[in-house]
Amino acid sequence: MLNIIIFGPPGAGKGTQSGLLIEKYNLNHISTGDLFRWHTKNETPLGKKVKEIMDSGNLVSDDITIAMLKEEVEKHPDVHGFLFDGFPRTVAQAEALDTLMESMSTAIHGVIELKVSEEEVRARIAKRKSIENRVDDDEDKLNKRIEEYFNKTVHVLPYYENQGRLKTVNGIGAIEKIFEEISIVADSFEVAKS
Ligand code: ADP
């Protein structure tokens, strides 16, 4: 298996680059944000539980998030690999993910940080909002999510950096150029694991 995490602030282009990555490396994409949105849209018991917290732009608790992630991973035991997106966001989640990978006799082979400044992210989201009108892009919520990322979520990066599993890619520029760089990094993960 090849298991990669894509990491970056809201508006960094994770969605676009994830789409390209899963195709090129034949990975199963697991986005905890998409999973939570599916649950809230379909008003499942889990969806009802997390709706308010998601609406506020805060993080869902580790217990709930880890359980949902685990269930999703275990649904796909035979895939070629996973691309995790939006997870982990805390050190507890990172540790739980390592344990889960170990239980499947595999590992997280690397983390790709898509680096975009807070200023650039805000400019991009303002533009996206005017085009797509994504429901979770309203001003307060968005500010909260950006704040969460730059004040809290980034603290999970040293966990991987200290273990030599973190690679940073500049997220500003043409989509294809960024993907070229991401591919070089993903190839290096593939080589390192074997
Ligand atoms: P963003 O566009 O801000 O990167 P996502 O689409 O990844 O956000 O997630 C949307 C929301 O879902 C988050 O604001 C949070 O409430 C919840 N969420 C997603 N992933 C996690 C996680 N790993 N831990 C806690 N909450 C999460």
Side-chain angles (χ1 to χ4, degrees), residues 3-19 21-22 28-74 82-101 108 111-160 169 171 178:
N3 304 303
I4 298 175
I5 295 166
I6 187 159
F7 204 92
K14 273 181 303 175
T16 307
Q17 297 297 336
S18 294
L21 262 172
I22 56 169
N28 195 292
H29 187 203
I30 298 190
S31 153
T32 44
D34 285 351
L35 288 171
F36 281 132
R37 275 186 288 275
W38 184 89
H39 280 283
T40 51
K41 185 169 162 248
N42 290 285
E43 298 182 345
T44 67
L46 173 63
K48 285 179 188 157
K49 222 193 255 175
V50 302
K51 185 174 187 322
E52 209 173 306
I53 188 126
M54 276 187 79
D55 281 350
S56 68
N58 285 301
L59 291 189
V60 176
S61 75
D62 283 340
D63 285 0
I64 292 179
T65 308
I66 290 166
M68 178 182 72
L69 186 277
K70 191 163 181 269
E71 193 186 316
E72 190 62 25
V73 166
E74 286 172 348
F82 290 102
L83 177 66
F84 296 101
D85 172 356
F87 186 97
R89 270 170 149 99
T90 63
V91 172
Q93 291 180 12
E95 287 169 349
L97 184 57
D98 278 339
T99 305
L100 178 61
M101 292 294 104
I108 293 297
V111 179
I112 302 171
E113 178 198 9
L114 203 49
K115 199 162 186 90
V116 178
S117 70
E118 187 165 347
E119 202 183 29
E120 170 76 11
V121 155
R122 288 188 188 276
R124 284 185 187 181
I125 288 176
K127 197 172 155 205
R128 176 169 84 183
K129 192 179 150 195
S130 67
I131 302 167
E132 283 179 25
N133 205 14
R134 241 172 77 153
V135 279
D136 56 352
D137 274 358
D138 81 41
E139 201 86 15
D140 287 357
K141 258 189 259 176
L142 200 54
N143 282 331
K144 183 75 201 163
R145 278 160 53 211
I146 293 172
E147 224 174 83
E148 276 287 340
Y149 180 83
F150 287 100
N151 294 334
K152 292 194 196 157
T153 309
V154 289
H155 295 309
V156 82
L157 288 174
Y159 176 85
Y160 293 104
V169 168
I178 296 169

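Everything numeric in this text was worked out from a predicted model, so none of it was measured. In each ligand, atom 1 is the first atom listed, and ligand 1 is the first ligand listed.
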Looking only at distances, can you tell me whether any N or O atom of F36, backbone or side chain, sits closer than 3.5 Å to an N or O atom of ligand 1? no
Within a strict 4.5 Å, meaning less than it, do heavy atoms of the T32 and R89 side chains meet? yes
Counting heavy atoms only, which of R145, K51, E148 comes nearest to atom 1 (P) of ligand 1? R145
Residue-level breakdown please: for L59 versus ligand 1, do any non-hydrogen atoms fall below 4.0 Å on the side chain, on the backbone, on both, or on neither? both
The atoms of ligand 1 lying under 4.0 Å from a heavy atom of T65, numbered in the order shown, are 22 (C), 23 (N), 24 (N), 25 (C)
So, does K144 use its side chain to make a donor-acceptor pair with the main chain of S56 at under 3.5 Å? no
Which residues satisfy the ring pair (Phe, Tyr, Trp, His ring centres under 6.0 Å) test with F87, sequence neighbours excluded? none
Given side chain to side chain contact (heavy atoms under 4.5 Å, CB included), test I6 with Q17 step by step and report yes or no. CA-CA 9 Å; I6 187 159; Q17 297 297 336; 4.1 Å; yes
Indicate yes or no: does an N/O atom of V60 lie under 3.5 Å from an N/O atom of ligand 1? yes
Check for me whether K144 has a heavy atom closer than 4.0 Å to any atom of ligand 1. no
Judged by atom type as modelled, is there a donor-acceptor pair below 3.5 Å linking the side chain of N3 to the main-chain atoms of F82? yes
Return yes or no for this condition: an N or O of N58 is under 3.5 Å from an N or O of ligand 1. yes
Under-4.0 Å heavy-atom contact with ligand 1, by part of V50 that carries it: neither
With sequence neighbours excluded, tell me which residues meet salt bridge (charged side-chain N to carboxylate O under 4.0 Å, His left out) with R124. E120
Do Q93 and F84 touch side chain to side chain, with heavy atoms closer than 4.5 Å? no
Going by the atom numbers of ligand 1, which of them fall below 4.0 Å from some non-hydrogen atom of R37? 6 (O), 10 (C)
